[in-house]
2 protein chains.
Amino acid sequence: MDITTATCTWTEHTLRTLARAGYRSSGARAEVIDGLAELGCSVTAREIADLLREKGSGVGLASIYRALDLLDRLSLVQRFEVGEGVARYEPAHPGGEHHHHIVCGTCGKVEGFEDEGLEQAIHRLSDRVSFAVAAHDVTLHGECPGCRGAD
Amino acid sequence: MDITTATCTWTEHTLRTLARAGYRSSGARAEVIDGLAELGCSVTAREIADLLREKGSGVGLASIYRALDLLDRLSLVQRFEVGEGVARYEPAHPGGEHHHHIVCGTCGKVEGFEDEGLEQAIHRLSDRVSFAVAAHDVTLHGECPGCRGAD
DNA sequence: GTGAATGCAAACTCTTTGCATGACT
DNA sequence: AGTCATGCAAAGAGTTTGCATTCAC
C-alpha cells in the first residue's frame with residue numbers, strides 16, 4: 001500500500017469534492033485535511049489537534065470535530081472505534097477498497113490490515129441476514145510483536 | 001439459540017465464578033447480573049439502570065459500572081461498541097461460542113448474528129498477521145427490515 | 001469487628017453547541 | 001454585504017473516582 005501517493009490523491013480528491021459541494025476549504029478545514037493525510041491511518045481528533053498545534057496552527061478542537069464530521073458525512077473519511085470510547089478517523093478511498101484494524105491490548109497501537117477472504121465471508125453473510133448491509137467494521141484484538149517480546 | 005436456558009446457566013456460572021474468586025455477590029452486583037441475564041444481548045449501562053429502577057431497586061449507576069467492569073475483567077461479559085460512543089455489554093458464554101452485531105443506522109436497533117464462514121476467515125487471517133490475535137469484533141451496519149419498509 | 005461493596009456527588013474525558021468574531025465570494 | 005467558517009467557552013453525555021456509610025462474613 002503506497003500511503004504517500006494514496007493520501008496525496010485523497011487530499012486532492014477531498015478538496016475537489018468539498019469545493020464541488022459548495023464548501024470553502026481554506027483555513028481550519030484545509031489544515032485538518034492536511035493533518036489527516038499526514039497522519040494517515042486511525043487517528044483521533046486529539047492527535048490531529050496535537051499535530052496542528054506543533055506546527056504552530058491556531059486551529060481549535062471544535063473546528064477539527066466540525067471538519068471531521070463534514071468529511072464523514074461526505075464519505076471522505078471513515079469513522080470508527082476500536083473499543084476505547086474514542087472516535088478514530090482515516091482517509092476513505094473513493095474506490096471503496098478499505099482495510100480493518102488490529103489493536104494491541106497492551107500498548108494500544110492500532111494497525112491496519114486487508115484480507116480478501118474476510119471481505120468475501122462478509123459479502124456472503126450479508127445476503128443471509130435480514131438487514132440491508134451497507135458497511136462493516138472488523139476489529140481484531142491482540143498483542144503486537146513489540147509487546148509480545150517484552151512479556 | 002435458547003436464550004432462556006443459556007442465560008440461566010450464565011447467571012449460575014457467573015455467581016459461582018465470582019464466589020470462587022472471593023467476591024461477594026449479593027446486593028448491587030447480583031442485581032446487575034440478573035439484569036444482564038434478563039436483557040440479554042447488547043445492553044448499555046443505562047439500560048440496566050433503567051430496568052433496575054423500574055423494579056424499584058436503588059442500585060446506583062456507579063455500582064453498575066463497577067460490576068460490569070469486574071465481570072469484564074473476569075471474562076464473564078463481553079464489552080463492545082458499535083460506533084455510538086457508548087459501551088455495550090452482554091453475557092459471555094464460557095464455551096467461547098459468540099456472535100457479532102448488526103446495527104440499524106436509522107433506528108439504532110442492534111441484533112446478533114452468528115456465521116461460521118466469518119469465524120473461519122478470521123481464524124485463517126489470524127495466522128497471517130504479526131499480532132497475536134486474542135479476540136475479534138465484527139459490526140455490520142445497515143438498515144433493519146422495519147426501517148427498510150418505512151422508507 | 002474488619003474489610004469489601006455501595007451510593008452519592010464530584011471529577012474527567014470526549015464531543016457538541018451557542019455565540020460573537022473573522023474570512024471568503 | 002452577506003454568508004459561511006472559526007475560536008472560545010459552556011454545555012452534554014458517558015464513565016470513573018473519592019469518600020463516608022452500609023453490609024457481609
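We name chains A, B, ... by the order of the sequence lines, and we start the count at 1 in each one.
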Self-check item: CA sep, side-chain torsions, deciding dist, call: Glu119(A), Arg124(A), salt bridge (Lys or Arg N to Asp or Glu O under 4.0 Å)
Solution: CA-CA 9 Å; Glu119(A) 300 301 326; Arg124(A) 276 194 295 269; over 6 Å; no
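Remark: the Gln78(A) side chain and the His93(A) side chain contain no N/O donor-acceptor pair separated by less than 3.5 Å.
Residue-level contact check: Arg46(A) touches the backbone only, with heavy atoms under 4.0 Å from sugar-phosphate atoms and none from bases. Residue Ala62(A) is in base contact, counting any heavy-atom pair closer than 4.0 Å across all strands shown. Residue-level contact check: Arg66(B) touches the bases, meaning some heavy atom is under 4.0 Å from a base atom.
One atom, CD of Glu84(B), and another, P of dC14(C), lie 19 Å apart when rounded to the nearest Å. In this structure, the OH atom of Tyr65(B) is 13 Å from the C1' atom of dT13(C), given to the nearest Å. Taking atom CD1 on Ile48(B) and atom P on dG7(C), their separation rounds to 14 Å, with Å as the unit. Rounded to whole Å, the distance from CG on Asp72(A) to C1' on dT16(C) is 15 Å. Atom pair Tyr23(A):OH and dT25(C):C1' shows a separation of 17 Å (rounding to whole Å applied).
At distances below 3.5 Å, not a single donor-acceptor pair connects side-chain atoms of Ser57(A) with backbone N or O atoms of Arg53(A).
Residue order along DNA chain D, read from the 5' end via each residue's closest nucleotide, puts Arg79(B) first among Gly27(B) and Arg79(B). In this structure, Val59(A) and Thr44(B) both approach DNA chain D, and ranking their closest nucleotides by distance from the 5' end singles out Val59(A). Summary of the strand contacts: Arg24(A) and Asp69(A) both lie near DNA chain C, and taking for each the nucleotide with the nearest heavy atom, the more 5' one is attributed to Asp69(A).
Under the 30°/60° scheme for interplanar angles, the aromatic rings of His100(B) and Phe113(B) are found to be tilted.
Rounded to the nearest 0.5 Å, atoms CD (Glu90(B)) and OG (Ser42(B)) are 6.0 Å apart.
With salt bridges taken as basic N to acidic carboxylate O contacts below 4.0 Å, none links Arg29(B) and Glu31(B). Taking the charged nitrogens against the carboxylate oxygens, Asp69(A) and Arg66(A) have no contact shorter than 4.0 Å, which rules out a salt bridge.
Interface limits on DNA chain D: the 5'-most and 3'-most nucleotides within less than 4.0 Å of chain B heavy atoms are dG14(D) to dA24(D).
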